[in-house]
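Everything below concerns the one structure shown next.
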2 protein chains.
Amino acid sequence: MSGTEDGRSRVATISDVARHAGVSTATVSRALNGVSTVDPALVARVRAAAEELGYRPNGLARNLRRQETAVLALVISDVENPFFTAIARGVEDVAQTAGYSVVLCNSDENAEKERRYIDVALQERVAGVVISPTDEWAGVEMLLRRGTPVVAVDRPLRAGTGDQVLVDSRAAARAATEHLIAAGYRRVGCVTGPAGVRTADDRLAGYRDALGRRKRRERRAEYRAAGGAAATRELLAGAEPPDALLVANSAMAIGVLETLRAEGLRLGRDVGVVAFDDVPWATLIDPPLTVVAQPAYEIGAEAARLLLARIADGTLPPTATTLEAQLIERGSSHRA
Amino acid sequence: MSGTEDGRSRVATISDVARHAGVSTATVSRALNGVSTVDPALVARVRAAAEELGYRPNGLARNLRRQETAVLALVISDVENPFFTAIARGVEDVAQTAGYSVVLCNSDENAEKERRYIDVALQERVAGVVISPTDEWAGVEMLLRRGTPVVAVDRPLRAGTGDQVLVDSRAAARAATEHLIAAGYRRVGCVTGPAGVRTADDRLAGYRDALGRRKRRERRAEYRAAGGAAATRELLAGAEPPDALLVANSAMAIGVLETLRAEGLRLGRDVGVVAFDDVPWATLIDPPLTVVAQPAYEIGAEAARLLLARIADGTLPPTATTLEAQLIERGSSHRA
DNA sequence: TTGAAAGCGCTAACAT
DNA sequence: ATGTTAGCGCTTTCAA
């Protein structure tokens, strides 16, 4: 086994293969890339030589030459949120079949970190980016300026700047709230995410739509369990505490449910709850949790399809796809 | 705004910057990379020119020249498993502070997909790989042969082939089983993952250790909710069904718990349960779930540290770090 | 301190 | 059908 002093074997290059097979580097390149005009006998010889030397084409050199990469970046705001990991699977599955790899970047709901990842994506010259933008403009602008195709998921971009795949959160929140009211709850409250995060704002708006002239009971907090817990405690401490809650995110829902239990309130019976995102444990709690299920996988898949189309043809007009969420009624939103 | 016909602006290269600043490309390179020997005045001029042109260094070209990248690949078997996403955060946080980006690849417990991702990693010449290998050898061999630093997490590699960060699953499984026995359960069973998946095997072995000469009630199934459900149904259908279950993975636990409920069995009281991995919803179910908590974040962080060290010095001897899991007793493993 | 020039490994004109 | 060669954008000797 050939090796250098630090124990690593020297990597074979295309010219090693060429020499070994007694042909030119161009022929090696053509043979290995399946260009039809190559003599089958030579192809075989080249293949054999490549095999023997353990040759792997250097993607860096190839990409530099081709001025493109077969890599997509997926920038999401929370790797630990099942909603986003489901999106990731959708993106990955579609990308995979088209021969693209997916780089997952965790922006952590942090504009600075997002910016840094976009920077890396730009430097590495990824073919395109799927992103759940922390705001409507800041980071993505860099991409647009460079002409890197972008598709936004979950949260919108400034109008007309690129493709987006969204869910009609507002309508879904409205429907969920109406369901709670129809189920007999009289003081429906809402726990949502930070102002400026579009999904949080939309879900709150939908809640208000349904509430009409009824009294609002709403709290904002970070999209995490701790945020949900704090918001719930505040709401419960009010004069006329809510007897039902619309919760804008599944991580918050954990905090909400814990708080309800700590306060000795029975789910459904004392306080009805509907939460966004269908989580695997929804049916394990008692009573099971009513949820607004978003088609996360399909969001990712569609985003990847749009991105691939735009990579193939940069002149495509920006599209906005809106998918529907589905209310799944379970025990937590019924008194019975 | 300068632009080509397809609407994308031409990207500025180092020579554009050089021309703009009236210096050579070498000076631009030195100035931008902070080489100390450059006249501060020139540095300023170069910076200004780069800024004005919106110059971003082409990472591809840089990496090709430097023969290295600041990218780590993290190949995990399930992006939707909170255990792995927690590892991902650990890896990411450490990598980030060292200036590395992390590419997350989802092998989906599929050796072929794993192989393909390793191939991409090799072609893109990533600086190193953190992987939860589907088996002890196959894919990783390619990396080792090329001298790419590798650290295995969660599952071991063939002895002496690289660094690894593991958890003492066997001891933890044993302790969990002993806990169940001490709690008064008489027919403790085990639901574990597929044969050949090391963690599944280890946890089963630990279960057997604790059981001693008692009768075994064990089932293997895929590491998913459906697997857990099927295994539980089978065990329950047996002659002397288990009155307690050690479950090797949190996804399986969902299926186990659903099945128990469907069968009308009360958690804790009728059937005690301990599951691997502390999930956020563990305290939401009734009674709350007793778990074996693995230090997932720390596994990822330590793996990244080892990888970075090995990248810096390829001659380091392989190390094997074993972290401890912690049994968190809650209601599901008590009759009371 | 700065510039000129070579070259990383590959692909794609162009030539044969 | 195959070979020769230029050059992708950058860093880094080597000279000046």
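Note on naming: letters A, B, ... go to the chains in the order of the sequence lines (proteins, then strands), and numbering restarts at 1 for each one.
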With sugar-phosphate taken as primed atoms, P, OP1 and OP2 and all else as base, the protein-contact string of nucleotides 5-10 of chain D at under 4.0 Å (heavy atoms; B, S, -) is -BBBBB
- Item | Ion pair check, A:R89 and B:D108, cut-off under 4.0 Å | yes
Contact check, residues 35-54 of chain A vs DNA chain D, heavy-atom distance under 4.0 Å, returns A:T37, A:V38, A:D39, A:L42
Chain B reaches DNA chain C, atoms under 4.0 Å from its heavy atoms, from C:dT1 to C:dG9
With B:Y55 as partner, the option from B:V17, B:D16, B:V11 fulfilling side-chain contact (heavy atoms from CB on, under 4.5 Å) is B:V17
The residue, B:V23 or A:V28, whose nearest nucleotide of DNA chain C is more 5′ is B:V23
**Report entry** Short side-chain to backbone donor-acceptor contact, B:S24 and B:T27, under 3.5 Å
**Finding:** yes
Taken in chain and number order and not counting sequence neighbours, the residues that satisfy side chain to side chain contact (heavy atoms under 4.5 Å, CB included) with B:D93 are A:K113, B:Y297
>> Taking B:T134's backbone N and O only, do any of them form a donor-acceptor pair with B:E114's side chain (distance below 3.5 Å, no angle check)?
In response: yes
Residue set satisfying side chain to side chain contact (heavy atoms under 4.5 Å, CB included) with B:E298, at least two apart, ordered chain then number -> B:P295, B:A301, B:E302, B:R305, B:L323
So does B:I76 get a backbone contact from the side chain of B:S107, meaning a donor-acceptor N/O pair under 3.5 Å? yes
query = With a 3.5 Å cut-off and no angle check, do the side chains of B:N63 and B:T69 form a donor-acceptor pair?
reply = no
(message) Given 3.5 Å as the limit, does a donor-acceptor pair link the side chain of B:N58 with the main chain of B:L60, or not?
(response) yes
So salt bridge (Lys or Arg N to Asp or Glu O under 4.0 Å) across residues 122-131 of chain B, not counting sequence neighbours, yields none
